[in-house]
Amino acid sequence: MTTFPDVPAESDTPMSTEPLRIGILLPTREQAINGTYAAAPLLDFARNAEALGFDSLWAGDSLTARPRLDPLVVLSAAAAATRRITVGTAALTPALRHPLIGANMIASLSHVAADRLILGLGSGFPMPETEAEFESVGASFQGRVGRLDEIAALWRTAWHAGEDGEPSEFEGRFWQAENLDRLPSPAVPGGPPLWLAGSDTPKVLARAATRYDGWLPFLPDVDAYGRAAARLGELATEAGRTVVPGLYATVTVNSDEAAAEAELEHYISHYYGRSLEQMSTIQAYAWGSAEKCAEWLGGYVRAGARHLVIRIGSLDPEPQLKEIAEVLLPAVRALGTAPTVGSTQS
């Protein structure tokens with residue numbers, strides 16, 4: 001069961017003047033569960049999120065395991081419907097698409113979103129449904145971590161291929177490609193930032209520090225998050241890089257805590273086909289009043305989180321959006337500046 005730790009008065013993590021950023025997840029999976037696929041409500045949600053002061057807007061990815069509308073298509077529409085808010089994937093599974101098609105789709109999206117695009121990337125949630133999803137598109141579930149890193153490297157090669165002196169070929173263990181310079185270049189040279197959606201294992205932290213621009217875990221233990229963020233900072237500094245420490249967290253806001261927990265239980269059982277008790281051992285969940293959820297998120301901010309991605313734990317998330325914006329956002333932002341992990345911009 002989720003607990004709400006006291007927010008430390010001070011942090012052991014060095015602080016910077018970089019502001020904390022807080023984003024919200026688009027309810028594409030919720031639409032699928034309700035059987036109400038439609039673009040207009042998603043675009044209304046995106047415009048509302050921007051007007052209410054959220055910094056970023058995110059969409060998840062799945063074909064058959066946890067179906068929903070394609071995030072790259074949805075985010076392209078959301079970026080066109082907004083002006084300020086960052087758009088991102090939380091998280092995209094690159095292995096579900098041929099990497100050249102993925103590179104082209106992302107470059108295309110970048111011409112809509114420009115510098116407002118971030119890609120959170122995952123190797124595949126470890127569930128039987130995900131393994132079946134990989135099989136359905138002819139992708140190997142075994143070795144998926146190495147495949148993710150290789151696809152990210154291929155994308156970066158493709159997005160630099162039109163520049164002087166940059167290679168137009170890629171030779172990897174799983175993928176080989178030629179004529180990458182023929183693909184459209186992204187709007188931002190080199191393409192969007194790539195964040196690794198993963199846990200806090202030493203291997204994940206090492207990969208995030210040396211290969212990616214951000215780290216997006218959903219750790220349920222704030223102390224474990226703090227230790228991992230500190231280690232990520234050490235590794236990033238050693239590599240001469242900056243890596244954004246993010247957090248993917250689910251909150252259900254209701255002043256009646258029992259009602260909030262019941263709603264979240266209903267949500268999780270429909271989303272994953274598992275109980276809240278099962279999922280809370282691996283993912284970060286909070287429920288109750290907006291103030292209580294803000295206090296819980298504050299623990300992660302004190303532990304080093306710099307960009308929060310909030311998923312509303314409800315199959316009808318719109319009614320909670322305004323309260324989260326008006327109560328939770330300012331309460332968490334009142335913590336002040338957030339830490340920068342690493343030393344220099346990659």
Side-chain angles (χ1 to χ4, degrees), residues 25-35 37 58-74 88-103 105-106 119-155 172-176 194-208 211-212 215-220 246 248-250 265 267-285 309 311 313 315:
L25 191 75
L26 276 166
T28 54
R29 173 61 178 151
E30 292 76 2
Q31 273 197 347
I33 294 171
N34 290 325
Y37 297 103
W58 302 77
D61 183 30
S62 186
L63 288 174
T64 60
R66 291 165 298 282
R68 69 200 73 190
L69 296 178
D70 183 273
L72 301 180
V73 175
V74 169
T89 55
L92 187 75
T93 308
L96 298 180
R97 301 162 181 80
H98 189 287
L100 295 189
I101 294 175
M105 290 183 70
I106 293 163
L119 293 179
L121 307 179
S123 59
F125 201 67
M127 286 182 168
E129 302 95 317
T130 310
E131 189 167 354
E133 180 175 65
F134 271 56
E135 184 178 352
S136 71
V137 297
S140 173
F141 197 67
Q142 287 189 322
R144 65 190 186 280
V145 171
R147 291 175 188 274
L148 169 61
D149 290 346
E150 187 166 297
I151 292 173
L154 189 159
W155 283 352
R173 177 184 175 190
F174 305 106
W175 295 98
Q176 297 78 42
L194 304 182
W195 291 12
L196 180 62
S199 63
D200 59 342
T201 67
K203 288 184 178 180
V204 167
L205 296 177
R207 290 166 59 219
R211 297 172 179 262
Y212 294 89
W215 172 58
L216 189 62
F218 40 56
L219 296 176
Y248 183 105
T250 303
E265 181 73 62
Y267 174 77
I268 293 303
S269 67
H270 284 77
Y271 199 109
Y272 295 108
R274 290 162 175 79
S275 69
L276 175 58
E277 182 180 8
Q278 289 174 303
M279 293 304 298
S280 62
T281 64
I282 55 176
Q283 291 188 341
Y285 295 98
V309 178
R311 177 175 64 173
L315 294 182

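In what follows, every heavy atom counts, from backbone to side chain, and hydrogens, waters and symmetry copies are set aside. Just so it is clear, the model here is predicted, and its values are computed rather than measured.
- Scanning both residues, Ser199 and Pro217, for their nearest heavy atoms gives O-CB, 4.5 Å.
- More than 12 heavy atoms of other shown residues, nucleotides or ligands fall within 6.0 angstrom of atom CD in Gln176.
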>> side-chain contact (heavy atoms from CB on, under 4.5 Å) for Gln31 and Val74? Distances and angles first, verdict last.
In response: CA-CA 13 Å; Gln31 273 197 347; Val74 169; over 6 Å; no
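- For the pair Trp58 and Ala90, the tightest heavy-atom approach, listed with the atom from each and the gap, is CE3-CB, 3.7 Å.
- Annotation: the span from Thr250 atom OG1 to Leu25 atom CG amounts to 8.0 Å, rounded to 0.5 Å.
- One side chain, Glu30 or Tyr267, offers a donor N or O that lies under 3.5 Å from an acceptor on the other.
- Taking OG from Ser269 and CD from Gln278, the interatomic distance works out to 10.5 Å, rounded to the nearest 0.5 Å.
- Of the candidates Arg29, Arg97, Arg68, Asp61 forms a side chain to side chain donor-acceptor pair (under 3.5 Å) with just one, namely Arg97.
- At a threshold of 4.5 Å between non-hydrogen side-chain atoms, the residues Glu133 and Leu96 count as touching.
- Distance check: Trp195 CH2 to Leu119 CG gives 11.0 Å after rounding to the nearest 0.5 Å.
- In this structure, Ala208 and Leu196 approach most closely via the heavy-atom pair N-CD2, 4.0 Å.
- The distance from the CG atom of Leu148 to the OG1 atom of Thr93 is 9.0 Å, given to the nearest 0.5 Å.
- Residue Glu129 qualifies as enclosed at atom CD: its count of foreign heavy atoms under 6.0 Å is above 12.
- Once rounded to the nearest 0.5 Å, the distance linking CG of Leu154 with CZ of Phe174 reads 13.0 Å.
- Nearest heavy-atom pair, Pro99 versus Ile151, reported as atom, atom and distance to 0.1 Å: CB-CG2, 4.0 Å.
- At distances below 3.5 Å, not a single donor-acceptor pair connects side-chain atoms of Trp215 with backbone N or O atoms of Leu205.
- Residue Ile106 holds its CD1 atom at 3.5 Å from CH2 of Trp155, rounded to the nearest 0.5 Å.
- Counting all heavy atoms, side chain and backbone alike, Ala32 lies closest to Pro67 at CB-O, 3.1 Å.
- The closest donor-acceptor contact from the side chain of Thr130 to the backbone of Pro126 lies at 3.5 Å or more, if one exists at all.
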> Given His98 and Trp175, is the side-chain contact (heavy atoms from CB on, under 4.5 Å) satisfied, shown in steps?
Replying inline: CA-CA 10 Å; His98 189 287; Trp175 295 98; 3.6 Å; yes
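- When every heavy atom of Pro94 is checked against every heavy atom of Gly122, the shortest pair comes out as CD-O, 3.4 Å.
- In this structure the side chain of Val145 reaches within 4.5 angstrom of the side chain of Arg207, judged on heavy atoms.
- Looking at Thr89, its side chain never comes within 3.5 Å of a backbone N or O of Ala59 through a donor-acceptor pair.
- Classification of the Phe218-Phe125 ring pair by plane angle, with boundaries at 30° and 60°, yields perpendicular.
- Cation-pi geometry between Arg311 and Tyr271 is satisfied (NZ or CZ under 6.0 Å from the ring centre, within 45° of the ring normal).
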